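A short write-up of the structure that comes next.
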Amino acid sequence: MVDSSIRILVVDDEKAIRRLLRVSLTSHGNAVFEASSGVEALTAAAEHRPDIILLDLGLPDMDGTEVTRRLREWTQSPIIILSVRDQEQEKIKALDAGADDYIT
């Protein structure tokens, strides 16, 4: 049997949001990995090689835009920003850093 699950890295400092996304995504057969900081996100991405990364901008140790820049140095996995920041300038910065989409 071939493992057809999608590997998803969820990066958010809020445990409740990570739990909600994990429950929802695993119920659809996806493999979910979690990180609560930028450093954890970079480590988890290198270790698990996710097919997609869901990334919050407001992390305790570095901004999600910086995480995106660092990830883009070595991976082309799609990065979707999930953030409450809805200012146009924040969206532009994240997309210019290499994010593939931005959802508020």
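In this text the structure is predicted, and so the values were computed from the model without any measurement.
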L59 vs V67 side-chain heavy atoms within contact, under 4.5 Å
yes
Any side-chain hydrogen bond (donor to acceptor under 3.5 Å, both in side chains) involving residues 93-104? Give me the pairs, sequence neighbours left out, ordered by first then second residue.
R72-D100
Please set out all donor-acceptor pairs under 3.5 angstrom arising from side-chain atoms of residues 32-44, sequence neighbours excluded.
from, atom 1, to, atom 2, distance (Å)
E34, OE1, R18, NE, 3.1
E34, OE2, R22, NH1, 2.4
S36, OG, E40, OE1, 3.1
S36, OG, E40, OE2, 3.4
S37, OG, E40, N, 3.2
E40, OE1, S36, N, 2.9
T43, OG1, V39, O, 3.1

Min side-chain heavy-atom separation I103-I80 under 4.5 Å:
yes
For T68 and G64, indicate whether the former's side chain and the latter's backbone hold a donor-acceptor pair under 3.5 Å.
yes
To the nearest 0.5 Å, how far apart are CD1 in I17 and CG in D12?
4.5 Å
Please list all pairs meeting side-chain hydrogen bond (donor to acceptor under 3.5 Å, both in side chains) that have one or both residues in residues 75-85, counting only residues at least two apart or in different chains.
D63-R85, T75-S77, R85-E90
Looking at NE2 of H28 and CD1 of I8, how far apart are the two atoms once the value is rounded to the nearest 0.5 Å?
10.5 Å
Taking the side chain as everything from C-beta on, heavy atoms only, tell me whether I52 gets closer than 4.5 Å to L9.
no
Would you indicate whether the side-chain heavy atoms of D56 and V84 approach each other to under 4.5 Å?
no
To the nearest 0.5 Å, what is the distance between CD1 on I79 and CD1 on I53?
5.0 Å
Residues L25, L54; criterion side-chain contact (heavy atoms from CB on, under 4.5 Å); working and verdict:
CA-CA 11 Å; L25 294 168; L54 303 179; 3.9 Å; yes
